[in-house]
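Proteins come first, then strands; the chains are lettered A, B, ... in the order of their sequence lines, and each starts at number 1. Only this structure's heavy atoms are used, side chains among them; waters, hydrogens and symmetry mates stay out.
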Amino acid sequence: MTAVKEIKEKESLNFIEEIIEQDLNSGKHQIIHTRFPPEPNGYLHIGHAKSICLNFGIAQKYGGKTNLRFDDTNPTTESVEYVESIKRDVRWLGFDWEDREYYASDYFEQLYNMAVQLIKAGKAYVDDSTSEEMAALKGTPTVPGQPSPYRDRSVEENLDLFERMRNGEFSDGAKVLRAKIDITSPNMLLRDPVIYRIKHDHHHRTGDKWVIYPMYDFAHGQSDALEGITHSLCTLEFENHRPLYDWCIQELNIFPSRQIEFARLNVNYTITSKRKLLKLVQEGHVTGWDDPRMPTISGMRRRGYTPAAIRNFCDRIGIAKRENSIDISLLEFFVREDLNKIATRVMVVIDPVKLIITNYPDQQTENMSIENNPEDEQSGHREVPFSKELYIEYEDFMEEPPKKFFRLGPGLSVRLKGAYIVTCDSFEKDSKTGKITAIHCTYHPNSKSGEDTSGMKVKGTIHWVSVKDAVPVEVRMYDRLFTEENPGGHEDKDYLEFINPDSLKIIKKAFAEPSLAKTKVGAYYQFLRLGYFVTDLDSKGRKKKVFNRTVTLKDTWAKEQKK
RNA sequence: UGACCCAUGGUGUAACGGUAGCACAACAGAUUUUGGUUCUGUUUGUUAAGGUUCGAAUCCUUAUGGGUCAACCA
């Protein structure tokens, strides 16, 4: 009894899983089949990641299959570049569609025949109205529509006209094919929706073969049916489309896929509208779809987010029907959680000030053995050269330190990570700028890391880089792209007004320990005490390596200071 | 002023008529050669009003609040 209850508690299902289990238990389906149906008109973003994890994840969980299907019914906005990027991103996230890569455009002939079938049944007609005329007759949500003057054309005439539409006899917009449903329906989508339009446009796969293209509502459901999709999962805004989805199944007598809607993902301080993201790219607010500040999958990859982090995030946010806005800090939590386990620890100084150890031999260099990752015993150690002159972080010294400052200041001692304890004796200051230019310390030879017999106890440990061994690197400090929680949610203000002017700070003169000289693009690091970083694409073929800040470390000291 | 949908701490999500739980966030402390990690603890919640019931977050009614729909986009 208790055992059963425990299992139940652990296995709490979301409402889609409940439906699937019912369908499996009742014998409605032996196997479930889902699909991920992107339109190749932009790059995938974090919202798509939710859908990918849902569709692939749920099929995996119940031993089913998932198709990758490109919903490519609008040649005007679609391209192969997007198709390729989508495939790369889904794969990178860790999902495999095997040989089931489909395109709605592969079904154009079948969809055409279905339209003919509808016409023959008196359920569709060719309308010559302009879009303005149609809109005028369509009414509003509260005012019923009026029938089009072309609504009662004969089957023969419709058949003839539709064929001639296909043959290219008419110009764009001259005619459309409409489903004949109910022009007075309270559901606007049922007021004789357009199902085919004329577009003399080059399609990325079918070329110039077609000049008429099916609309979403006349392509998606049928594609689901043709592929035997049992559960067609989509976002809430398609809820009102479901009656039309079911109408097509009914009238065409095709495989009855079931459409189920869930709430799309919203993340604060970001936007997930392809249109808005496209504008950021086109107007140069970012460097491209893969700019590390973009919430696109390729942007996050370049930023240093890991597939596991994104998958864990998608698992944790759950699936439900209510509007939501997830804290970006939850995503960052999962990024840190994963990176903490796998990122190699290294020392990099981004805002250097010289520290001179007055009692250390001038020419001496010691190789300090420092662990690569304290969270992973297998990761081993590396040697880091230590010498008389070091760079340390400017922030780690204060002329007049407050009480809880566990770093350097006149008379204060700190541990140099993996090396010795030093005590500050004096410092140099530029009288004009007031900037500290050098710090003089003495080291305690018997305090060497691992063989410390000094008995000294210091509160702080700081990172350092040996001046003569330092490798100059470029570091790009990324921060959130928007300063506003809901940048896209203001009626009176454009989201572009909320772009964070400090979303990227480039540091050209940072110094890294020697091990970073031979880094590879995409390698994950923790720069000790600074945050997680990844080697950027731009490092390729360059002597000076470039690193992107993925996310900062949690910083309780910064919090303390704010008080 | 039509149709459809939604409502649980700051955020997200569980509880399927029987003790409102989990994660993030926040706060406090312990540990720490990263002010990281880890560990411990604390605060905060069922939109409202009726009804059914021994018992309601859960079922019913109404109200309130929010979302979607008037592209030849998906």
Side-chain angles (χ1 to χ4, degrees), chain A residues 8-9 12-14 18 37-39 41 71-74 76-78 127 129-131 134-136 138-145 172-178 185-191 193-199 212-213 215-217 219-220 234-243 261 263 268 274-275 316-327 329-334 336-337 340-341 345 347 370-371 374-375 404-407 414-419 421 449-450 452 458-463 526-532 552-561:
Chain A
K8 259 191 176 173
E9 275 169 3
S12 88
L13 305 174
N14 65 50
E18 276 178 13
E39 183 191 10
N41 68 343
D71 223 338
D72 54 351
T73 57
N74 183 2
T76 318
T77 55
E78 298 158 2
D127 196 325
S129 309
T130 64
S131 55
M134 270 181 55
K138 208 162 195 176
T140 69
T142 52
V143 177
D172 288 10
K175 286 181 167 45
V176 292
L177 183 70
R178 289 229 254 173
S185 170
N187 182 341
M188 296 291 290
L189 285 153
L190 262 22
R191 321 245 262 228
V194 172
I195 56 177
Y196 258 96
R197 77 294 212 183
I198 301 171
K199 265 178 187 273
I212 57 171
Y213 292 92
M215 299 286 291
Y216 167 83
D217 286 306
H220 199 102
C234 62
T235 46
L236 248 32
E237 61 264 36
F238 292 100
E239 222 155 16
N240 293 339
H241 292 245
R242 186 165 9 107
E261 312 86 14
N268 61 10
K274 268 198 215 170
R275 210 198 83 245
R316 201 75 191 83
I317 58 178
I319 300 295
K321 294 193 75 162
R322 80 189 78 134
E323 289 293 324
N324 59 78
S325 175
I326 312 273
D327 263 325
S329 61
L330 185 62
L331 214 203
E332 291 176 344
F333 166 80
F334 285 108
R336 290 191 185 102
E337 184 188 53
N340 178 48
K341 287 184 293 195
R345 271 61 170 176
M347 294 197 285
I370 302 183
E371 75 276 3
E375 305 297 316
K404 284 191 196 162
F405 188 76
F406 305 141
R407 309 178 191 180
V414 287
R415 157 81 59 188
L416 294 169
K417 171 69 186 178
I421 292 175
S449 201
D452 185 351
V458 290
K459 277 276 207 175
T461 300
I462 65 173
H463 60 281
Q526 183 194 109
F527 289 3
L528 228 59
R529 304 207 301 135
L530 295 178
Y532 293 100
T552 59
L553 256 23
K554 263 173 78 177
D555 192 348
T556 49
W557 168 242
K559 249 184 219 169
E560 183 79 20
Q561 279 179 309

Pairing check on [N]: which nucleotide meets the Watson-Crick or G-U wobble criteria with it, both distances under 3.5 Å?
N: C54(B); result: G18(B)
N: A28(B); result: U40(B)
N: C4(B); result: G67(B)

Candidates G12(B), G35(B), G36(B) - which lies nearest the side chain of R316(A) | G12(B)
Looking only at side-chain atoms of K554(A), point me to the closest of U13(B), U37(B), G35(B).
->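 Minimum distance to the K554(A) side chain belongs to U37(B).
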How would you label the glycosidic angle of A49(B): syn (within 90° of 0) or anti?
-> anti
Donor-acceptor pair under 3.5 Å: do we get one between [X]'s side chain and the base of [N]?
X: R415(A); N: U33(B); answer: yes
X: R345(A); N: U34(B); answer: yes
X: S449(A); N: U33(B); answer: yes
X: Q526(A); N: U34(B); answer: yes

Does a nitrogen or oxygen in the side chain of [X] sit under 4.0 Å from OP1 or OP2 of [N]?
X: R407(A); N: G35(B); result: no
X: K341(A); N: U37(B); result: no
X: R322(A); N: U8(B); result: yes

Nearest whole Å is fine: how far is [N] [atom2] from [X] [atom1]?
X: L528(A); N: U32(B); atom1: CG; atom2: P; result: 18 Å
X: F333(A); N: G10(B); atom1: CZ; atom2: C1'; result: 17 Å
X: E323(A); N: U68(B); atom1: CD; atom2: P; result: 7 Å

Considering every strand and a 4.0 Å limit on heavy-atom distances, what is the contact class for [X]: base, sugar-phosphate, or nothing?
X: T140(A); answer: base
X: D327(A); answer: base
X: G460(A); answer: nothing

Map F406(A) and L330(A) onto RNA chain B by nearest heavy atom, then report which one ends up closer to the 5' terminus.
-> L330(A)
Atom of R191(A), atom of R178(A) and distance for their closest heavy-atom approach |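 In terms of heavy atoms, the two residues are closest at O-NH1, 3.5 Å.
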Determine whether the side chains of N187(A) and S185(A) contain a donor N or O and an acceptor N or O closer than 3.5 Å.
->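 No donor-acceptor contact under 3.5 Å links the two side chains.
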Between protein and nucleotides 1-5 of chain B, what N or O pairs are separated by less than 3.5 Å?
from, atom 1, to, atom 2, distance (Å)
G2(B), N2, P186(A), O, 3.3
G2(B), N3, P141(A), O, 3.0
C5(B), O2', E239(A), OE2, 3.4

Each nucleotide N or O in nucleotides 72-74 of chain B that has a protein N or O under 3.5 Å away: list the pair and distance.
from, atom 1, to, atom 2, distance (Å)
C72(B), N3, G173(A), O, 3.4
C72(B), N4, S129(A), O, 3.1
C72(B), N4, S131(A), N, 3.4
C72(B), N4, G173(A), O, 2.9
C73(B), OP2, R197(A), NE, 3.0
C73(B), OP2, R197(A), NH2, 2.7
C73(B), O3', R197(A), NH2, 3.2
C73(B), O2', N74(A), ND2, 3.1
A74(B), OP1, T73(A), OG1, 2.6
A74(B), OP1, R197(A), NH1, 3.3
A74(B), OP1, R197(A), NH2, 3.0
A74(B), OP2, Y216(A), N, 2.9
A74(B), O4', E39(A), OE1, 3.4
A74(B), O3', D71(A), OD2, 3.1
A74(B), N6, H241(A), NE2, 3.2

